[in-house]
Amino acid sequence: MLRLSTLFVRTLREDPADAEVPSHKALVRAGYIRRAAPGGFSWLPLGWLVYRNVERIIREEMDRAGFQEVHFPALLPREPYELSGRWTDYGDNVFRLKDRRGNDFIMAPTHEEMFTLLVKDLYSSYKDLPLVIYQIQTKYRDEARPRAGLLRGREFVMKDSYSFDIDDEGLAVSYQRHRDVYIKVFERLGLPVVIVSAMSGAMGGSASEEFLAPIDVGEDTYVRCTSCDYAANVEAVRVPPPPAEDNVDAPPAAVEDTPDTPTIVTLVDLMNARDDLRRSDREWTAADTLKNVVVKLRHPDGTFEPLAIGVPGDRDVDMKRLEAAVLPAAAEPFADADFAAHPELAKGYIGPGVLGVASSSDIRFVVDPRVVDGTRWITGADRPGRHVVGLVAGRDFTPDGVLDVADVRAGDACPDCGGSLELARGVEMGHIFQLGRLYATALGLTVLGPDGQQITPTMGSYGIGVSRAVAAIAETTLDELGLCWPRQVAPADVHVVVAAKPGSEQFPAAERLAGELEQAGVRVLLDDRDTVSPGVKFKDAELLGVPTIVVVGRGLADGVVEVKDRRTGERRDVALAEVVTALRG
RNA sequence: CGGGGAGUAGCGCAGCCUGGUAGCGCUCCUGCUUUGGGAGCAGGAGGUCGGGGGUUCAAAUCCCCCCUCCCCGACCA
């Protein structure tokens with residue numbers, strides 16, 4: 001039994017100044033966690049109880065699925081990461097250190113290599129597969145900017161599992177099993193999640209889905225169709241291309257003088273103001289223009305490549321979508337110095353004249369899916385103050401490819417049903433994806449197949465943010481009074497408040513009741529403090545967020561106590577003799 | 001790493017502009033009173049004013065450098 005008179009906790013009357021997001025404020029105010037380092041938190045007894053409940057539920061579901069838990073060192077040697085190429089790929093995001101002999105180590109940011117090597121170490125036959133092993137461990141990443149309390153620390157706990165199969169069919173089964181387990185886990189945690197398709201990015205592989213908790217302060221943006229069940233991370237949205245048009249007979253493109261129109265807005269204004277350029281049927285809009293944005297790709301080998309991206313003028317290039325699309329390269333803005341190195345690019349007036357197939361430059365030119373053959377555009381003429389009107393895609397220029405990285409907006413068409421998309425924010429709680437043979441190949445994991453040939457197994461990777469889940473659950477359940485835990489993860493089932501004078505009969509009565517509840521298997525937090533007033537106890541009970549609050553107070557004279565539901569605020573009087581039965585669940 | 005804000009008692013803040021005894025509320029301790037919605041009175045404890053340099057008779061306050069925290073961006077689970 002937890003007793004507030006001796007529990008190692010101190011609630012704060014005011015929000016901590018260094019917290020911004022509601023869950024962070026509430027967890028600190030309620031005495032669940034304390035900041036201990038940049039991006040690092042200490043767990044106090046109540047917080048640790050919640051954490052352990054979350055961890056236990058995840059572990060139970062993993063074990064029930066037949067997955068087996070392993071445990072790795074957090075301090076890892078350099079070699080495995082050298083083999084996979086991630087010693088350098090990870091860059092500044094990993095904590096590095098040396099031992100006394102000068103050997104390199106890292107604080108594990110993730111354990112793909114160790115899993116792969118462990119299987120290589122022990123298994124050598126296809127008969128040993130499939131296999132799923134998992135860990136629940138602390139990960140260390142030197143985040144440039146830790147924030148939002150537990151939602152994004154530099155030290156955090158993840159459940160990570162890896163599946164090993166001999167073929168794609170097996171991988172698909174392992175993937176589906178994880179998907180089913182995850183749905184059950186989040187349901188048990190009381191954490192609402194939206195499953196969205198995600199990029200698998202540089203990791204290769206095909207299927208990849210994220211489990212996002214819908215939280216306003218989340219750092220992931222996703223879309224959801226208002227008509228069908230399509231949902232995707234904004235990075236993974238695929239814009240449905242419009243049908244190609246037959247415009248080969250359209251009037252030839254004409255170069256026009258358009259002085260002082262370096263931006264889309266100025267260009268459209270000028271087009272509509274000029275009698276000779278005005279459209280007869282409607283006004284020109286930004287969507288009639290083709291904006292060519294140049295960025296610089298930094299490849300993993302350190303080389304740079306300019307890339308021109310043509311998007312409809314009413315859209316911008318979404319840097320996050322671009323980054324996701326060009327992995328493992330990174331995208332950087334095209335600086336003035338870069339323009340100086342490419343005099344053929346007239347800033348503000350860049351057009352397909354110098355881009356694309358058979359063009360004068362060797363700059364790769366990719367376009368938005370909306371730029372299909374036959375569409376007509378107003379775009380730069382590659383000379384300051386000049387634009388081309390009526391340029392037909394496929395007839396007058398041919399891009400080197402399609403790249404779907406324009407910003408996604410609410411109201412955009414759903415790629416599945418054509419309905420309308422809406423945008424929302426979320427926190428990534430889980431991620432499942434088919435990793436493929438990347439690590440197995442890099443680390444030389446093979447097994448002997450039935451025909452005596454070496455087979456490289458294919459892998460799946462599946463994560464759940466454990467410590468993050470505590471914050472996410474808090475975030476999605478708290479209210480203006482404080483925390484409000486789902487019973488499964490709450491630090492106790494019942495919070496017994498003694499509201500009476502010290503020395504009064506309520507104290508021993510509450511003790512007895514708490515004892516009986518415990519006997520009946522109910523987890524009890526007893527506020528047996530005789531030094532604080534009832535008002536303080538009520539406030540604390542609400543702040544701490546135990547789902548049921550029992551008040552042993554003035555009703556005791558009539559043989560009743562008050563049973564209050566923390567979430568709904570509903571309260572009812574229950575005869576003392578019936579409390580245990582009523583609360584046993 | 002870019003832009004903005006902020007570091008003064010355990011927590012939340014004022015003081016800084018205009019240099020001169022370090023303050024307020026909460027918390028904590030002692031005593032008395034109080035006990036169904038963050039109690040009252042009285043007394044008390046607690047601070048190298050983020051760190052280091054400098055200016056000055058004198059620095060929380062002015063100047064320089066550094067560190068940390070928060071927010072927006074970049075990056076990431």
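Throughout, a chain's letter reflects where its sequence line sits, starting with A, and its residues are numbered from 1.
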Participant: Applying a 3.5 Å limit to both distances, which nucleotide forms a Watson-Crick or G-U wobble pair with B/A6?
Facilitator: B/U68

Participant: Return the value, rounded to whole Å, for the distance between atom CZ of A/Arg152 and atom P of B/C76.
Facilitator: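 Those two atoms, CZ and P, are 9 Å apart.
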
Participant: Counting the atoms with a prime plus P, OP1 and OP2 as sugar-phosphate, which does A/Pro16 contact under 4.0 Å by heavy atoms, base, sugar-phosphate, or nothing?
Facilitator: sugar-phosphate

Participant: Using the C1' atom as the reference point in each nucleotide, state the distance between B/C49 and B/G19 in Å, no decimals.
Facilitator: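 It comes out at 15 Å once rounded to the nearest Å.
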
Participant: Between B/U27 and B/U21, how many Å separate the two P atoms, rounded to a whole number?
Facilitator: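 Looking at atom P only, B/U27 and B/U21 are 29 Å apart.
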
Participant: Between B/C75 atom P and A/Glu219 atom CD, what is the distance in whole Å?
Facilitator: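 In whole Å, B/C75 P and A/Glu219 CD are 12 Å from each other.
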
Participant: Could you tell me how far apart A/Leu44 (CG) and B/C11 (P) are, to the nearest whole angstrom?
Facilitator: 14 Å

Participant: Go through it in stages, so that I can follow the logic: the residues are A/Glu61 and A/Arg188, the test is salt bridge (Lys or Arg N to Asp or Glu O under 4.0 Å), and I'd like the CA-CA distance, side-chain angles, deciding distance and then a yes or no.
Facilitator: CA-CA 9 Å; A/Glu61 292 301 329; A/Arg188 279 190 68 190; 2.8 Å; yes

Participant: What does B/A59 pair with, Watson-Crick or G-U, if both distances are under 3.5 Å?
Facilitator: none

Participant: Would you mind pulling out the nucleotide paired to B/G12, Watson-Crick or G-U wobble, both distances under 3.5 Å?
Facilitator: B/C24

Participant: side-chain contact (heavy atoms from CB on, under 4.5 Å) between A/Tyr462 and A/Val181: does it pass, once the steps are laid out?
Facilitator: CA-CA 11 Å; A/Tyr462 320 89; A/Val181 168; over 6 Å; no

Participant: For A/Ala17 and for A/Asp540, find the nucleotide of RNA chain B with the closest heavy atom, then tell me which residue's nucleotide is more 5'.
Facilitator: A/Ala17

Participant: When you get a sec, tell me which of B/A77, B/C75, B/C11 is the closest nucleotide to the side chain of A/Asn93?
Facilitator: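 From the listed options, B/C75 comes nearest.
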
Participant: Quickly work out the A/His431 NE2 to B/A77 P distance and round it to whole Å.
Facilitator: 9 Å

Participant: If I pick the C1' atom on B/G50 and the same atom on B/G7, what distance separates them, to the nearest angstrom?
Facilitator: 6 Å

Participant: Counting heavy atoms from C-beta on, name the nucleotide in B/C69, B/C28, B/G36 closest to the side chain of A/Pro534.
Facilitator: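 Side chain of A/Pro534 sits closest to B/G36.
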
Participant: Got a salt bridge between A/Arg567 and A/Asp565, using NZ or NE/NH1/NH2 to carboxylate O under 4.0 Å?
Facilitator: no

Participant: To the nearest Å, give me how far apart CG (A/Leu150) and P (B/C76) are.
Facilitator: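 Taking CG of A/Leu150 and P of B/C76, I get 22 Å after rounding.
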
Participant: Under a 3.5 Å limit for both distances, which nucleotide forms a Watson-Crick or G-U wobble pair with B/G73, could you say?
Facilitator: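 Its partner is B/C1.
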
Participant: Tell me what A/Gly553 touches on the nucleic acid: a base, only sugar-phosphate, or nothing, going by heavy atoms under 4.0 Å.
Facilitator: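 Base contact.
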
Participant: Heavy atoms from C-beta onward define the side chain here; which of B/C11, B/A77, B/G37 lies closest to that of A/Lys539?
Facilitator: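 In terms of side-chain proximity for A/Lys539, the closest of B/C11, B/A77, B/G37 is B/G37.
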
Participant: Quick test of the criterion, 5.5 Å between centres and less than 30° between planes. Is A/Phe538 stacked on B/G36 or not?
Facilitator: no

Participant: Applying a 4.0 Å non-hydrogen cut-off, can you work out what A/Ala499 is touching in the nucleic acid: base, sugar-phosphate, or nothing?
Facilitator: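 Base contact - A/Ala499 has a heavy atom under 4.0 Å of at least one base atom.
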
Participant: If the C1' atom of B/G10 is compared with that of B/G73, how far apart are they to the nearest Å?
Facilitator: 34 Å

Participant: Begin with the C-alpha distance, continue with both residues' side-chain angles, and end with the deciding distance and a verdict on salt bridge (Lys or Arg N to Asp or Glu O under 4.0 Å) for A/Asp479 and A/Arg566.
Facilitator: CA-CA 10 Å; A/Asp479 60 22; A/Arg566 167 64 181 86; 2.7 Å; yes

Participant: Any base atoms under 4.0 Å from A/Lys159, or only sugar-phosphate, or nothing? Heavy atoms, all strands.
Facilitator: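 Touches nothing.
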
Participant: Can you tell me how far P of B/C76 sits from CG of A/Asn233, to the nearest Å?
Facilitator: 13 Å

Participant: Given that both distances must come in under 3.5 Å, which nucleotide forms a Watson-Crick or G-U wobble pair with B/U35?
Facilitator: none

Participant: Roughly how many Å apart are B/C71 and B/C29, using the P atom of each and rounding to a whole number?
Facilitator: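 Straight-line distance between the two P atoms is 33 Å.
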
Participant: On RNA chain B, compare the nucleotides closest to A/Met158 and A/Glu562; which residue's is nearer the 5' end?
Facilitator: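 Per heavy-atom nearest nucleotide, the more 5' residue is A/Glu562.
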
Participant: Write down the distance separating the P atoms in B/G51 and B/U8, rounded off to the nearest Å.
Facilitator: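 Here B/G51 and B/U8 have their P atoms 10 Å from each other.
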
Participant: Classify A/Thr11 by what it touches in the nucleic acid, base, sugar-phosphate, or nothing, heavy-atom distance under 4.0 Å.
Facilitator: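 Base, at least one base heavy atom under 4.0 Å.
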
Participant: Does A/Val551 reach a base, just sugar-phosphate, or nothing at all? Heavy atoms under 4.0 Å.
Facilitator: base

Participant: Below the 4.0 Å mark, does B/A39 have OP1 or OP2 next to a side-chain nitrogen or oxygen of A/Ser533?
Facilitator: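 It does, given that an N or O in the side chain of A/Ser533 lies less than 4.0 Å from OP1 or OP2 of B/A39.
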
Participant: Is A/Asp63 salt-bridged to A/Arg56, going by a charged N under 4.0 Å from an acidic O?
Facilitator: no

Participant: For B/G46 versus B/C62, give the span between their C1' atoms, rounded off to a whole number of Å.
Facilitator: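 Each nucleotide's C1' atom is 30 Å from the other's.
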
Participant: Residues two or more places apart in sequence or in another chain: which of them pass side-chain contact (heavy atoms from CB on, under 4.5 Å) with A/Arg10?
Facilitator: none

Participant: Specify the separation, in whole Å, of atom NZ of A/Lys25 and atom P of B/C70.
Facilitator: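 Nearest whole value for this atom pair: 13 Å.
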
Participant: A/Gly153 near the nucleic acid: base, sugar-phosphate alone, or nothing, with a heavy-atom cut-off under 4.0 Å?
Facilitator: base

Participant: Only one of A/Glu112, A/Gln135, A/His111 clears side chain to side chain donor-acceptor pair (under 3.5 Å) with A/Tyr162; which?
Facilitator: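 Among the candidates, only A/Glu112 passes.
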
Participant: Sequence neighbours left out, what passes salt bridge (Lys or Arg N to Asp or Glu O under 4.0 Å) with A/Arg141? Give chain and number order.
Facilitator: none

Participant: Please work out if A/Glu20 contacts a base, only the sugar-phosphate, or nothing of the nucleic acid, heavy-atom cut-off 4.0 Å.
Facilitator: sugar-phosphate

Participant: Could you check which of B/G37, B/A77, B/G25 has an atom nearest any side-chain atom of A/Arg468?
Facilitator: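 Comparing B/G37, B/A77, B/G25 against the side chain of A/Arg468, the answer is B/A77.
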
Participant: Quick one: label A/Val532 by what it contacts on the DNA or RNA (base, sugar-phosphate, nothing), any heavy atom closer than 4.0 Å.
Facilitator: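 Base contact.
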
Participant: Could you check whether A/Arg141 gets within reach of a base, just the sugar-phosphate, or nothing at all, counting any heavy atom under 4.0 Å?
Facilitator: base

Participant: B/G50 P sits how many Å from A/Asp18 CG, rounded?
Facilitator: 16 Å

Participant: Under 4.0 Å, counting only non-hydrogen atoms across every strand here, what does A/Arg529 touch: a base, just sugar-phosphate, or nothing?
Facilitator: nothing

